[in-house]
Amino acid sequence: MRVIKIKSPTRDQRVPPGQRVTKKWPVLHYGGVPEIDVDRWRFTVKGLVEKDLSLTYSEFRALPRIRVLSDIHCVTGWSRLDNLWEGVSARTIGDLAGVRGEARYAIVRSDGGYTTNLSLEDFFQEDVLFAFKHDGEELAPEHGYPLRLVVPRLYFWKSAKWVTGVEFRDSDIPGFWESRGYHNRGDPWKEERFGR
Ligand SMILES: Nc1nc2c(c(=O)[nH]1)N[C@H]1C(S)=C(S)[C@@H](COP(=O)(O)O)O[C@H]1N2
Ligand SMILES: [Mo]
């Protein structure tokens with residue numbers, strides 16, 4: 001399979017304000033790590049699309065892949081540079097379902113009820129992907145196995161773990177952290193940590 005390689009944009013000043021670099025990869029989430037049976041797992045796409053999707057795990061793994069090299073910036077203050085992700089581009093998912101012209105937002109849902117919201121401008125950046133591998137290895141359960149979203153240009157809470165689907169809408173729904181005081185967008189270069 002041909003894999004398209006993408007490098008997220010970086011700046012001369014590599015690390016955003018208020019962040020410290022770590023080599024380790026911390027584990028952070030609300031609640032427990034879900035036990036997911038990939039034989040029953042589905043990835044669903046619904047809302048303002050031409051065609052609803054419900055993909056099995058093997059169907060998802062057969063989609064065209066990309067690899068993205070990008071940095072993680074967590075709002076709690078750590079950054080981890082040069083992560084190599086492999087998975088399916090958000091654009092591939094959008095193209096498969098046929099996102100309708102009225103759509104403005106993507107609401108991403110996870111096993112366990114976590115959600116996060118993105119404008120379609122942010123969701124369809126070329127380095128956004130649904131990843132099943134990190135640095136050449138399958139994702140570990142605590143990092144989102146079997147699938148997580150990765151949104152390199154925004155704080156890492158937007159990168160939902162244990163993703164089960166996406167809904168395209170014309171109106172926004174603040175996600176789990178966004179409705180608990182985190183910023184609605186979360187650009188680390190503007191330190192959009194809290195508030196709208
Ligand atoms: N489903 C789910 N995804 C989630 C979270 C969560 O609580 N549930 N936490 C977010 C937050 S706040 C961060 S910092 C990252 C942490 O990812 P990591 O544990 O792989 O470092 O996951 C994000 N994705
Ligand atoms: Mo976080």
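Whatever order the structure lists them in is the order used to number ligands and atoms, beginning at 1. Positions are given from 1, in the same order as the sequence printed here. Heavy atoms only: backbone and side chains are in, while hydrogens, waters and symmetry mates are out.
Ring pair F168/Y105: centre-to-centre distance not below 6.0 Å. In this structure, the ring of F130 has its center less than 6.0 angstrom from the ring center of F43. For F176 and Y30, the distance between ring centers is under 6.0 angstrom.
The residue Y182 has no part lying near ligand 1, judged by heavy-atom distances below 4.0 Å. Contacts of W25 with ligand 1, taken as heavy-atom pairs under 4.0 Å, involve the side chain alone. For Y30, heavy-atom contacts with ligand 1 shorter than 4.0 Å involve the backbone as well as the side chain.
Between W162 and ligand 1, no pair of N/O atoms sits closer than 3.5 Å. Residue K161 places at least one N or O, backbone or side chain, under 3.5 Å from an N or O of ligand 1. Taking any N or O of V27, backbone or side chain, none lies under 3.5 Å from an N or O belonging to ligand 1. Annotation: W177 places no N or O atom under 3.5 Å from an N or O atom of ligand 1; distance criterion only.
In terms of protein heavy-atom proximity, atom 15 (C) of ligand 1 is nearest to F156 CD2, 3.6 Å. Annotation: atom 10 (C) of ligand 1 to nearest protein heavy atom, Y114 OH, 3.5 Å. Closest to atom 11 (C) of ligand 1, if we only count protein heavy atoms, is W157 CA, 3.6 Å. If you check which protein heavy atom lies closest to atom 16 (C) of ligand 1, you get L28 O, 3.3 Å. Regarding atom 22 (O) of ligand 1, its nearest protein heavy-atom neighbour is R148 NH2, 3.5 Å. Nearest protein neighbour of atom 24 (N) of ligand 1, counting heavy atoms only, is S159 O, 3.2 Å.
Distances from ligand 1 to the non-hydrogen atoms of R80 include no value under 4.0 Å.
Near A160, meaning under 4.0 Å from any of its heavy atoms, are these atoms of ligand 1: 3 (N), 24 (N). Near H29, meaning under 4.0 Å from any of its heavy atoms, are these atoms of ligand 1: 5 (C), 6 (C), 7 (O), 9 (N). Every atom of ligand 1 is numbered from 1 in the order shown, and the set under 4.0 Å from a heavy atom of C74 is 14 (S). In the vicinity of P26, heavy-atom distances shorter than 4.0 Å reach the ligand 1 atoms 18 (P), 19 (O), 21 (O). Listed by number with element, the atoms of ligand 1 under 4.0 Å from a non-hydrogen atom of W78 are 21 (O).
Between the side chains of H143 and K161, no donor N or O sits under 3.5 Å from an acceptor N or O. With 3.5 Å as the limit, one finds no donor-acceptor pair spanning the side chains of S89 and E126. Side chain to side chain, T44 and R42 fail the donor-acceptor criterion of an N or O pair below 3.5 Å.
At least one donor-acceptor pair closer than 3.5 Å links the side chain of R65 to the backbone N or O of R61. Judged purely by atom type and a 3.5 angstrom limit, K158 uses its side chain to pair as donor or acceptor with the backbone of N117.
Using a cutoff of 4.0 Å between basic side-chain nitrogens and carboxylate oxygens, D122 and R153 are not scored as salt-bridged.
None of R14, Q19, R80 except one satisfies the side-chain hydrogen bond (donor to acceptor under 3.5 Å, both in side chains) rule with D71; the exception is R14.
Between W162 and H29, the ring-plane angle classifies as perpendicular under the 30° and 60° cut-offs.
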